[in-house]
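Data block below; observations after.
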Amino acid sequence: MNNNEIKALQSDFLNWYDQNKRPLPWRENQEPYYVWLSEIMLQQTQVQTVMPYFERFIQALPTLADLAQVPDDTLMKLWEGLGYYSRARNLKRAAQQIMTDYHGTFPQTAAELEQIIGIGPYTAGAIASIAFGEAVPAVDGNAYRVFSRLFDDTTDISKSSARQHFANEIAPLVPKERPGDFNQAVMDLGSSICTTKDPACLLCPLQPYCQAYAQGKQLERPVKTKKIKKKREQYLALVIHDEQGRVLLQERPAKGVLSGLYTYPLINEANLLSESQKVITSTQIAAFFKAQYELTLQQVQLLPVKPVTHIFTHLHWQLTLYTASIDANANLAYFPGRFFTTAAIAAQGLPTLQKKLQARFAAYQKNV
DNA sequence: AAAGCGTGGAA
DNA sequence: TTTCCAAGCTT
């Protein structure tokens with residue numbers, strides 16, 4: 001593209017943005033803390049989902065210093081249900097990092113921002129351009145889609161190398177004036193006009209020079225070859241009460257799904273079933289708990305309710321609920337978890353999987 | 001380089 | 001039901 005064509009493209013994006021930008025809470029000012037927080041929350045997450053979380057978060061933690069000092073349980077309660085929980089933990093670590101290493105002031109370039117935990121190439125570009133006016137691209141999934149169509153680019157976005165390829169293509173197009181608005185225009189256009197399945201090309205300001213549209217190939221761009229296959233796994237979920245009505249919850253291991261979060265104790269059925277065996281018995285479950293945790297369960301019973309299904313990015317879980325009882329004075333030295341009162345459970349930041357299990361159990365109790 | 005990491009919604 | 005998608009980062 002020559003300079004005039006680039007100028008025209010920039011104007012088309014910015015004019016469209018001026019007419020169509022959405023009024024979002026994090027667009028009310030360019031406060032780096034808010035821009036950063038919104039960008040982290042928006043990773044792999046839709047605007048509509050993020051909105052209430054963002055409002056609650058800045059209400060509870062209005063400044064970077066507040067975030068750096070927030071207790072972990074408060075933090076997880078604020079993030080509860082949003083998913084990708086390491087984002088929240090990294091957010092706090094990053095806040096502490098900025099407080100100590102940068103005296104509480106955000107670094108202002110993409111290159112420096114990318115050194116902060118949780119900030120990758122996209123987020124660094126977004127913050128640098130939106131909050132600090134640096135003319136760098138913010139290459140997210142929208143940018144892949146918009147520019148692969150505009151240039152009829154067949155780069156496979158499944159590959160790790162695609163991001164740098166598009167960054168190189170887009171960098172010369174980002175205007176020195178209003179780089180943040182340009183990047184947000186790309187994203188807003190990508191999420192409203194240049195959509196994946198049903199792009200509104202007739203409403204698109206770039207349609208006159210969109211190379212994919214010219215060839216009717218907009219639905220074939222971007223090229224994406226990789227498909228994720230979900231692994232199916234069966235679990236038992238144990239609702240274990242003590243005499244005081246407390247419930248035993250287990251802390252998930254530091255590695256793996258839902259790490260560090262609390263759920264009912266979960267047992268992978270594969271850990272109980274031998275090759276020829278098909279039915280799991282209550283005795284077997286009790287024996288497993290004894291062997292693993294030195295804990296004695298009583299009255300282990302299969303709950304006559306529909307199993308809970310939960311789908312992660314790479315996993316498809318089906319969980320069968322059981323109830324059991326345990327002595328309130330049981331020694332939990334070998335068990336990664338603790339007893340929770342009803343109030344303590346409500347105050348805990350829990351993953352949606354656990355919420356689903358609780359709801360299923362509550363529905364059962366109501367009908368008994 | 002590719003796999004792992006949540007959740008909700010749409011088709 | 002199944003699949004895919006949505007403002008990615010870390011290891």
Side-chain angles (χ1 to χ4, degrees), chain A residues 21-22 24-27 34-54 76 79-91 93-94 113-127 129-130 137-146 156-164 166-167 180 182-192 194-199 219 222 224-233 252-261 263 309-318 349-356:
Chain A
K21 76 177 276 194
R22 284 175 293 179
L24 300 172
W26 46 89
R27 285 180 175 169
Y34 295 151
V35 173
W36 170 52
L37 176 62
S38 70
E39 291 300 342
I40 300 296
M41 286 184 163
L42 285 163
Q43 288 169 4
Q44 303 290 283
T45 310
Q46 301 196 2
V47 167
Q48 191 173 346
T49 303
V50 165
M51 213 104 70
Y53 282 90
F54 180 84
M76 293 321 290
W79 207 265
E80 179 181 77
L82 196 52
Y84 287 138
Y85 296 93
S86 64
R87 289 185 295 175
R89 297 203 176 84
N90 287 342
L91 212 46
R93 289 172 57 193
L113 286 162
E114 204 175 328
Q115 301 308 310
I116 294 173
I117 183 71
I119 299 183
Y122 160 73
T123 306
I127 299 172
S129 63
I130 296 169
V139 186
D140 71 336
N142 289 303
Y144 284 157
R145 198 164 53 254
V146 169
D156 182 358
I157 65 165
S158 306
K159 305 201 169 184
S160 310
S161 54
R163 200 209 61 77
Q164 189 58 54
F166 279 101
F182 177 85
N183 285 331
Q184 293 182 91
V186 172
M187 293 189 275
D188 271 22
L189 189 82
S191 60
S192 62
C194 195
T195 58
T196 305
K197 292 176 180 171
D198 187 24
L219 291 178
K224 183 177 181 180
T225 58
K226 189 177 62 181
K227 289 184 178 63
I228 300 168
K229 186 164 187 182
K230 290 180 168 44
K231 193 198 300 179
R232 282 180 176 274
E233 292 180 334
R252 304 274 311 157
K255 303 249 178 195
V257 285
L258 307 178
S259 60
L261 297 172
T263 66
T309 294
H310 193 73
I311 298 168
F312 300 96
T313 306
H314 296 81
L315 303 168
H316 185 132
W317 282 8
Q318 187 172 49
L350 299 167
T352 298
L353 166 63
Q354 173 63 15
K355 296 282 199 176
K356 279 191 197 174

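Owing to the predicted nature of the structure, the values given are computational and were not obtained by experimental measurement. Here is the naming used below: chain letters follow the sequence lines, and residue numbers restart at 1 for every chain.
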### Query
Of all residues at least two apart in sequence or in a different chain, which pass the salt bridge (Lys or Arg N to Asp or Glu O under 4.0 Å) check with A/E80?
A/K77, A/K355
### Message
By nearest heavy atom, map A/K226 and A/H310 onto DNA chain B; which one lands nearer the 5' end?
### Response
A/K226
### Query
What pairs with A/F54 under ring pair (Phe, Tyr, Trp, His ring centres under 6.0 Å), at least two apart in sequence or on another chain?
A/W26
### Rounded distance (Å) that lies between atom C1' of B/dC5 and atom CG of A/L82
13 Å
### Query
NA contact type, A/G256, heavy-atom cut-off 4.0 Å: base, sugar-phosphate, or nothing?
sugar-phosphate
### Task
May I ask you to say what A/K355 touches in the nucleic acid, namely base, sugar-phosphate or nothing, with a heavy-atom cut-off under 4.0 Å?
nothing
### Message
If you count every heavy atom of other residues, nucleotides or ligands that lies below 6.0 Å from A/K356 atom NZ, does the total exceed 12?
### Response
yes
### Message
Between B/dA3 and C/dC4, how far apart are the two P atoms, rounded to whole Å?
### Response
15 Å
### Task
Among B/dA1, B/dT7, C/dG8, find the nucleotide with the atom closest to the side chain of A/S160.
B/dA1
### Message
Expected output is a numbered-order residue list: members of residues 40-47 of chain A with a heavy atom under 4.0 Å from any atom of DNA chain C. What is it?
### Response
A/L42, A/Q43, A/Q44, A/Q46, A/V47
### Query
On a plain distance test, is the side chain of A/T123 in donor-acceptor contact with the base of C/dG8 below 3.5 Å?
no
### Query
Expressed as a whole number of Å, how far does the P atom of C/dA6 sit from that of B/dG4?
22 Å
### Query
How would you label the contact of A/I311 with the nucleic acid (heavy atoms, under 4.0 Å): base, sugar-phosphate, or nothing?
base
### Query
C/dC9, C/dC5, B/dT7: which one has an atom nearest the side-chain heavy atoms of A/K197?
C/dC5
### Task
Give a yes/no answer on whether the side chain of A/T196 brings an N or O atom under 4.0 Å of OP1 or OP2 in C/dA6.
yes
### Query
Given B/dG8, C/dG8, B/dG6, which nucleotide is nearest the side-chain atoms of A/T352?
B/dG8
### Message
Using only atom types and a distance under 3.5 Å, with no angle test, would you say the side chain of A/T195 pairs donor to acceptor with the backbone of A/S192?
### Response
no
### Task
Taking ring pair (Phe, Tyr, Trp, His ring centres under 6.0 Å) as the test, write out the residues that go with A/Y122, two or more places apart.
none
#### Entry: Nucleotide nearest A/K227 when distance is taken to its side chain, options C/dT10, C/dC4, B/dT7
C/dC4
### Message
By the 4.0 Å heavy-atom rule, please label A/R27 as base, sugar-phosphate, or nothing.
### Response
base
### Task
Report yes if at least one side-chain N or O of A/K255 is closer than 4.0 Å to OP1 or OP2 of C/dT11; otherwise report no.
no
#### Entry: Rounded distance (Å) that lies between atom P of C/dC5 and atom CZ of A/R145
10 Å
### Task
Please work out which of the three classes, parallel, tilted or perpendicular, describes the rings of A/F166 and A/Y144, given edges at 30° and 60°.
tilted
### Message
Please classify the nucleic acid contact of A/L24 as base, sugar-phosphate, or nothing, using heavy-atom distances under 4.0 Å.
### Response
base
### Query
For C/dT2, does either OP1 or OP2 sit under 4.0 Å from a side-chain N or O belonging to A/R232?
yes
#### Entry: side chain to side chain donor-acceptor pair (under 3.5 Å) against A/Q43, all qualifying residues, sequence neighbours excluded
A/T123
### Query
Expressed in whole Å, how much space separates the P atoms belonging to C/dC9 and B/dG8?
22 Å
#### Entry: Any residue meeting salt bridge (Lys or Arg N to Asp or Glu O under 4.0 Å) with A/R27, in chain and number order, not counting sequence neighbours
A/D188
### Message
C/dT10, OP1 or OP2 - any side-chain N/O from A/Y84 closer than 4.0 Å?
### Response
no
